[in-house]
Amino acid sequence: MNEQTPTVTMEKISSLCRRRGFVFPSSEIYGGLSGCWDYGPLGIELKRNVKQAWWSAMVQERDDMVGIETSILMHPKVWMASGHLKGFSDPLVECKSCHQRFRADKLTEQKCPACGGELTPERQFNLMFKTFIGPIEDGSNVIYLRPETAQGMFVNFDNVLQTTRRKLPFGIAQQGKSFRNEITTGNFIFRSREFEQMEMEYFVKPGTDEKWFEYWLETRLNWYVKHGIKREHLSILEHEKAKLAHYAKRVCDITFLYPMGWDEVEGLASRTDFDLTQHANASGKVLDYYDDETKEHYVPYVIEPAVGVDRALLAFMCDAYAEEPDKDETRIIMRFHPSLAPVKAAILPLSKKENLSNFARDIYKNLRTSLATQYDDTQSIGRRYRRQDEIGTPYCVTVDFQSLEDNRVTVRERDSMAQIRIPIAELKKSLLAKMDGENFLTLPPGGEVVQAKGKEA
Ligand code: GAP
């Protein structure tokens with residue numbers, strides 16, 4: 001069921017991404033590489049902001065969390081112990097006529113969706129990419145590109161415990177690339193073969209895991225809403241007990257209403273002591289916790305919130321996208337939360353005359369040390385506003401000849417199109433305060449409201 005507002009389609013989002021330099025097909029000049037994408041100049045800023053918003057909330061603003069960055073290539077025994085070598089697979093069928101391959105669990109009919117041909121019986125297809133370590137390409141040197149970042153946290157549990165002397169409950173978080181040789185990819189960056197994850201393993205005392213599961217479910221939902229996702233576009237999908245992954249006691253997906261319908265943006269799993277126990281058994285190392293209070297050793301249980309950066313970014317783009325009638329055209333606005341917007345402010349001088357350019361460039365140079373800022377002096381001011389709206393810039397700062405006299409500039413807010421005129425000396429402080437939630441019409445000393453509600457000529 002697709003209840004997404006009809007204004008937002010995947011076609012519109014992907015074409016805006018292509019047109020404005022958010023996302024390009026990988027190796028495009030060679031025809032692209034299926035399931036792989038490149039982030040362009042604006043896309044990388046947006047992606048870094050999404051990752052920073054997660055890192056701030058999950059690591060930097062908390063006392064019970066530490067970060068880590070582990071290698072993509074890991075000892076092959078990791079994947080044996082974690083169960084991925086045996087169980088990380090999807091059911092695959094192949095069409096006997098056109099030889100296309102499909103995920104059997106995603107088909108609605110028992111015939112080829114491309115040509116109607118007969119399908120082979122199902123077989124399990126392991127999703128891990130294989131490669132070789134070192135110069136000899138034989139079976140003893142096979143290793144895997146990690147299909148999740150999580151195992152990096154488990155195998156470092158004791159290193160982190162010993163070096164940080166943490167007490168339960170505490171979490172280890174990381175962000176990084178993961179790789180899955182998906183049978184079918186699609187829906188733009190929603191399902192790809194190379195993607196980025198933000199995962200956190202929260203180690204708790206057994207018996208408190210259910211309480212912490214609820215806590216993280218609510219905390220993670222709030223994170224999306226705080227950064228601009230509409231609450232009614234988020235939902236929780238509880239996995240049936242009988243169909244749980246090999247490591248899980250309970251799993252909920254946080255689903256988002258993408259243009260193609262509801263689908264998973266984040267998974268929350270209660271992994272019990274499965275991973276630590278498996279790695280302890282396979283490595284022969286002790287991976288437990290000594291509880292000072294109860295004087296006992298035990299293996300902690302784990303609650304894991306796991307997000308795909310690309311899926312979260314796509315959700316933020318879908319909910320930011322808006323269209324408004326504008327004379328004969330349509331005004332496209334990306335209503336990003338200011339913390340996620342790739343560009344926070346644009347400096348727009350009303351003329352290219354040297355005295356004004358120099359003056360405007362000084363403002364730009366000063367502002368960009370604190371805020372991602374663009375300088376744009378080409379075409380009419382109306383066009384420049386539209387360009388900034390389309391990439392989601394929350395504030396446009398126009399510099400006119402009067403600015404040379406009164407040392408003030410006009411600031412226009414993206415969403416309301418309201419305008420205020422404020423002293424240049426107050427600009428940086430004022431914009432930072434507004435990004436932090438201050439009402440746009442709140443004025444610094446020497447400021448005035450030019451237009452409380454926007455209607456541009
Ligand atoms: N460590 C647990 C784990 O990896 P998962 O549900 O398989 O769990 C977590 O993956 C998140 O990673 C998903 O919710 C999704 O956002 C993202 N993800 C998984 N496969 C993906 C793919 N092929 N393309 C893009 N994102 C993906």
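Both counts, for ligands and for their atoms, begin at 1 and track the order of listing. Scope of the values below: all heavy atoms of this structure, side chains included, with no hydrogens, waters or symmetry mates.
Protein heavy atom closest to atom 15 (C) of ligand 1, with residue, atom name and distance, is Arg311 NH1, 3.5 Å. Atom 6 (O) of ligand 1 has as its closest protein heavy atom Glu264 OE2, 3.1 Å. In terms of protein heavy atoms, atom 18 (N) of ligand 1 is closest to Phe195 CE1, 3.6 Å. Here the protein heavy atom with the shortest distance to atom 24 (N) of ligand 1 is Ser192 N, 3.0 Å. Protein heavy atom at the shortest distance from atom 25 (C) of ligand 1 is Phe190 O, 3.2 Å.
Under 4.0 angstrom from ligand 1, the non-hydrogen atoms of Ala150 all belong to its side chain. Residue Thr149 does not touch ligand 1, judged by heavy-atom distances below 4.0 Å. Contact annotation: for Arg193 versus ligand 1, there are no heavy atoms closer than 4.0 Å. Counting heavy atoms closer than 4.0 Å to ligand 1, residue Arg271 contributes side-chain atoms (C-beta onward) but none from N, CA, C or O.
Within the listing of ligand 1, atoms 14 (O) sit less than 4.0 angstrom from a heavy atom of Glu266. Every atom of ligand 1 with a heavy atom of Glu304 under 4.0 Å away is listed here by number and element: 1 (N), 2 (C). Near Ala306, meaning under 4.0 Å from any of its heavy atoms, are these atoms of ligand 1: 9 (C), 11 (C), 14 (O). Every atom of ligand 1 is numbered from 1 in the order shown, and the set under 4.0 Å from a heavy atom of Gly267 is 14 (O). Annotation for ligand 1: atoms under 4.0 Å from non-hydrogen atoms of Arg191 are 23 (N), 24 (N).
The line from NZ of Lys96 to SG of Cys115 is 12.5 Å long, rounded to the nearest 0.5 Å.
Ligand 1 has at least one atom lying under 4.0 Å from a heavy atom of Val265.
Relative ring orientation between Phe179 and Phe129 is described as perpendicular, the plane-to-plane angle rising above 60° on a 0-90° scale split at 30° and 60°. Between Tyr215 and Trp212, the ring planes are perpendicular. Angles over 60° get that label, and only those under 30° would be called parallel.
Of all the listed residues (Gln151, Arg180, Glu199), Arg180 holds the heavy atom that lies closest to atom 5 (P) of ligand 1. Distances from atom 10 (O) of ligand 1 to the heavy atoms of Met153, Gln197, Glu148 show the closest one on Gln197.
The distance between the ring centers of Phe190 and Trp37 does not fall below 6.0 angstrom.
Counting non-hydrogen atoms of other residues, nucleotides and ligands closer than 6.0 Å to CZ of Arg191 gives a total above 12.
By the 3.5 Å distance cut-off applied to N or O atoms, Gly308 is counted among the residues near ligand 1.
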